[in-house]
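All remarks here apply to the structure that follows.
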Amino acid sequence: MMRKINVTCSSMPEYEEYIEEIKELWDSRWLTNMGVKHRQLELELKKYLGVPNITLFSNGHLALECIIDAFDLQEEVITTPFTFASTTHAIVRNGLKPVFCDINPDDYTIDVSKIEELITEETSAIIPVHVYGNICNVIEIERIAKKYNLKVIYDAAHTFGVTVNGEGVGNFGDASMFSFHATKVFNTIEGGAVTFKDAGLKTKLDAFKNFGITGPESVEYIGTNAKMNEFQAAMGICNLRHVDEEIEKRRKLVERYISNLKGIQGIKLTKPQENVKSNYAYFPVLFDGYRKTRDEVFEELKEHNIYSRKYFYPLTNSFDCYKEKFDPGNTPVARYVAERVLTLPLYADLDLEYVDRICAIIIR
Ligand SMILES: *Cc1c(COP(=O)(O)O)cnc(C)c1O
């Protein structure tokens with residue numbers, strides 16, 4: 001029996017490195033509310049992501065809720081159901097109606113040829129999702145958004161550090177949400193950020209995460225509490241020092257997976273996107289006409305103590321909590337993919353030899 005292999009394993013700095021980073025917090029006793037660590041990480045991330053504006057949050061989900069709120073959107077928002085619960089929930093929790101668009105079968109991001117037919121008088125925004133480290137067709141989305149005067153907010157939870165022709169992915173659309181959850185390529189334990197185009201939003205977003213407070217005696221917005229604390233920021237400062245190294249390790253693992261699984265009848269791998277530098281966040285495999293179904297492969301790996309993930313499954317437009325509330329739309333490609341996709345274990349410290357063993361079990 002192999003030792004237990006989870007689908008992911010959180011990146012952590014050396015224990016001593018983190019202890020060194022948090023030492024001064026015992027002197028300052030400044031634990032949260034935008035202290036020195038928060039300010040430092042914000043600056044470092046702005047540089048790393050190559051974006052003009054950024055605000056940190058306690059997690060990615062609240063970051064997304066806040067940016068949707070800050071744009072004061074009305075009525076309908078076009079999005080995809082092939083995502084984590086967070087994307088659709090953030091729309092619904094803002095009192096907006098999710099209008100579900102299908103995905104394309106090549107990289108599983110929004111099918112841009114199907115957006116325009118979903119636009120109505122009520123549409124105020126598009127919230128597409130960059131999936132697994134692949135990015136949406138940002139050029140076409142921008143064209144559509146301009147034509148119909150729509151806001152674009154990307155769920156970029158999967159694309160930390162991804163660049164297109166050298167440009168940080170956070171520069172597309174009006175804003176992007178990044179997640180720094182423990183399971184993501186870069187983590188602050190829990191955490192997230194919004195990057196955005198309009199510098200004028202900074203004051204508003206900063207206030208939103210702190211109850212809408214704008215001064216000692218003024219509260220201008222109905223904000224929430226979504227501040228990143230100093231211990232989270234310190235973790236981020238440490239992890240950021242090693243993230244390039246980690247992405248490089250992920251790249252090697254992905255190459256090994258590809259060399260083991262390519263060309264096998266019924267196993268479909270996603271093609272790398274042109275001009276995109278990926279972060280190798282996930283390794284999705286589509287079992288499409290393979291001898292075994294996705295669920296059979298999932299179970300068989302589990303018997304060997306290897307935990308893959310049906311991700312994303314189920315689709316958000318089939319969630320119980322949305323039944324009879326929202327039209328699930330027409331998303332056959334998303335359904336097809338959700339029923340066949342499996343993401344295999346992938347994290348920087350996974351041994352290449354384990355990749356071979358995982359593939360051997362799948363192929364056998
Ligand atoms: C992780 C994730 C989120 C939510 O981020 P949290 O930091 O966990 O709140 C949102 N969308 C997608 C696609 C994600 O993978």
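The residues of the chain are indexed from 1 along the displayed sequence. Remember, it's 1-based here, ligands and their atoms both numbered in the order they're listed.
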Does K202 make a cation-pi contact with F196 (under 6.0 Å, within 45 degrees of the axis)?
no

Does NZ or CZ of K184 lie under 6.0 Å from the centre of the six-membered ring of F160, at an angle within 45° of the ring axis?
no

Donor-acceptor contacts, no H, no angles, side chain residues 330-337, under 3.5 Å, sequence neighbours left out:
residue, atom, partner, partner atom, Å
T331, OG1, N317, ND2, 3.1
Y336, OH, D288, OD1, 2.5
Y336, OH, D288, OD2, 3.4

What class does the angle between the rings of H158 and Y132 fall in, given that below 30° is parallel, 30 to 60° is tilted and above 60° is perpendicular?
parallel

Looking at Y313, is R294 sitting on its ring face, NZ or CZ under 6.0 Å from the six-membered ring centre and within 45 degrees of the normal?
yes

For ligand 1, run through the N/O pairs with the protein that fall under 3.5 Å and put one pair on each line.
residue, atom, partner, partner atom, Å
ligand 1, 5 (O), S179, OG, 3.2
ligand 1, 7 (O), G60, N, 2.8
ligand 1, 7 (O), S179, OG, 2.7
ligand 1, 9 (O), G60, N, 3.4
ligand 1, 9 (O), H61, N, 2.8
ligand 1, 11 (N), D155, OD1, 3.4
ligand 1, 11 (N), D155, OD2, 2.7
ligand 1, 15 (O), H158, NE2, 3.0
ligand 1, 15 (O), K184, NZ, 3.2
ligand 1, 15 (O), Y311, OH, 3.2

Check ion pair K97-E122 (N to O, under 4.0 angstrom)
no

